[in-house]
Amino acid sequence: AVSPGVLPLCRQPPAWGRAARRSSGLSLAPCRAFSNNKILVELDESSGVATMKFKSPPVNSLSLDFLTEFCISLEKLENDRACRGVVITSNVPNIFSSGLDITEMYGKSTEHYAEFWRAVQEMWLRVYGSNMVTIAAINGSSPAGGCLVALSCDYRIMVENPKFSIGLNEAQLGIVAPFWFKDTFVNIVGHRVAERSLQLGSLHPAPEAHKTGLVDELVPEEKLQERAAAVMAQWLALPDHARQLTKSMMRRAVLDRLVAHREEDIQNFTTFISKESIQKSLRMYMEMLKKKKH
Ligand code: CO8
């Protein structure tokens with residue numbers, strides 16, 4: 001489980017990848033990879049850029065296990081001096097992430113809700129507060145928590161397919177996006193766009209998401225990784241310390257607000273999600289998702 005602000009330190013043994021390649025007889029390409037059940041990470045040591053691919057079919061939902069592995073992977077990269085930037089993308093066709101795993105918020109104990117919510121907070125604190133350059137390469141739909149992951153990055157590039165949508169649609173589920181989801185959203189699109197979008201629980205098709213500023217640019221699917229690499233190179237051309245201090249100056253107040261109210265926020269979540277009416281809304285929403293197929 002993820003504890004507040006203190007994750008188990010899981011540093012890579014030095015030259016882990018190199019040793020593996022040597023024993024397999026492959027050449028010494030400057031690339032290291034590590035993987036867990038949910039996420040694949042490849043670090044190109046020559047550019048200092050890691051690619052993190054979500055690989056948890058069918059929809060990359062952010063379960064407790066997923067969030068824990070996500071945080072551990074981020075921490076590994078954050079502590080790796082060879083890594084300066086990370087591109088976050090998906091290995092599952094047509095889906096970036098379907099957001100928080102609804103089954104973690106339904107029919108469970110209050111202790112479970114608290115543990116789950118702490119992991120959601122931890123994920124956001126790590127992505128939004130990362131020292132690395134973070135780019136979301138959004139190659140599929142990205143509702144709610146999936147949108148939050150993208151919003152927490154420094155830059156968003158989305159595949160131009162209008163079938164892919166993104167947004168904080170919590171209101172559609174009968175739940176309310178917490179203040180730090182809202183703060184992150186407002187900081188990107190401004191108050192008016194965020195207010196309307198949040199009240200309506202809008203999922204914006206890619207072209208509309210671009211128009212509102214929710215994503216920074218659209219590209220054809222086959223150009224996504226190439227474009228992410230080009231944008232990353234642009235951001236990495238600056239000295240890290242100046243960029244990092246500037247990022248911290250822009251984001252610190254929002255991060256500190258959650259840190260200061262973390263336990264209260266967990267309490268609010270567990271109370272809210274445990275309500276019978278909210279459990280009923282979530283059940284109906286899950287049934288609607290299942291019915292949609294048939
Ligand atoms: N959690 C759990 N299971 C999910 C989720 C999810 N978020 N999304 C989809 N699934 C399941 C489906 O039920 C389905 O299960 P099964 O195969 O057993 O029937 C399976 O994944 C595949 O789903 P689809 O058939 O719907 O796949 P599609 O490719 O047709 O569509 C979508 C993919 C677009 C992602 C679609 O599944 C969808 O819209 N999902 C719902 C997304 C959503 O609304 N997520 C919001 C989660 S809430 C959140 O992130 C923030 C909450 C903040 C809490 C604040 C409270 C105070």
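In this chain, numbering begins with 1 at the start of the sequence shown. Indexing begins at 1, ligand by ligand and atom by atom, following the structure's order.
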Under-4.0 Å heavy-atom contact with ligand 1, by part of L173 that carries it: side chain
Aromatic ring pairing F70/F54, orientation class (parallel under 30°, perpendicular over 60°, tilted between): perpendicular
Residue from E69, M52, E122 passing side chain to side chain contact (heavy atoms under 4.5 Å, CB included) with L74: M52
Atoms of ligand 1 close to G145 [distance to a heavy atom under 4.0 angstrom, numbered from 1]: 49 (C), 50 (O)
R32/D80 salt bridge by N-O under 4.0 Å criterion: yes
Salt-bridge present (E104, K108; N to O < 4.0 Å): no
Aromatic contact, W180 with W117 (centres under 6.0 Å): yes
Residue part near ligand 1, for I175, under 4.0 Å between non-hydrogen atoms: side chain
Atom indices of ligand 1, in the order listed, that fall short of 4.0 Å to a heavy atom of G99: 50 (O)
Numbered atoms of ligand 1 (with element) below 4.0 Å of I95, judged on heavy atoms: 29 (O), 33 (C), 35 (C)
Ligand 1 N/O within reach of S98 N/O, cut-off under 3.5 Å: yes
Salt-bridge present (E217, R227; N to O < 4.0 Å): yes
Nitrogen or oxygen atoms of P143 and ligand 1 under 3.5 Å apart: no
Atoms in ligand 1 flagged as close to Y285, the criterion being non-hydrogen separation under 4.0 Å: 41 (C), 43 (C), 44 (O)
Where ligand 1 meets K290 - atom numbers and elements under 4.0 angstrom, heavy-atom basis: 13 (O), 15 (O), 16 (P), 18 (O), 19 (O)
Atom indices of ligand 1, in the order listed, that fall short of 4.0 Å to a heavy atom of F269: 56 (C), 57 (C)
Per-residue contact class, Q172 against ligand 1 - non-hydrogen pairs under 4.0 Å: neither
Part of V59 with heavy atoms under 4.0 Å of ligand 1, whether side chain, backbone, both or neither: side chain
Numbering as shown, the atoms of ligand 1 that approach V176 to under 4.0 Å (heavy-atom distance): 55 (C), 56 (C), 57 (C)
L224 CG to E221 CD distance, which is reported to the nearest 0.5 Å: 7.0 Å
Close approach, P58 and ligand 1, non-hydrogen under 4.0 angstrom: yes
Ligand 1-proximal atoms of N169, by part, heavy-atom distance under 4.0 Å: side chain
Element-labelled atoms of ligand 1 that are located less than 4.0 Å from some non-hydrogen atom of F272: 57 (C)
Polar atom proximity, S141 to ligand 1 (N or O, under 3.5 Å): no
Salt bridge present between K182 and E195 (N-O < 4.0 angstrom): no
Axial cation check for Y128 ring with R251, 6.0 Å and 45° limits: yes
Trace of the salt bridge (Lys or Arg N to Asp or Glu O under 4.0 Å) decision for K38 with D65: CA-CA 8 Å; K38 315 275 180 197; D65 283 351; 5.1 Å; no
Spacing of I166 atom CD1 and R156 atom CZ [to the nearest 0.5 Å]: 8.0 Å
Polar contact flag for A177 and ligand 1 (N/O pairs, less than 3.5 Å): no
Option with minimal heavy-atom separation from atom 38 (C) of ligand 1, where the choices are I278, N60, L282, L289: L289
K223 side, atom NZ; I157 side, atom CD1 - distance, nearest 0.5 Å: 13.5 Å
Ligand 1 versus M286: contacting region, heavy-atom distance under 4.0 Å: neither
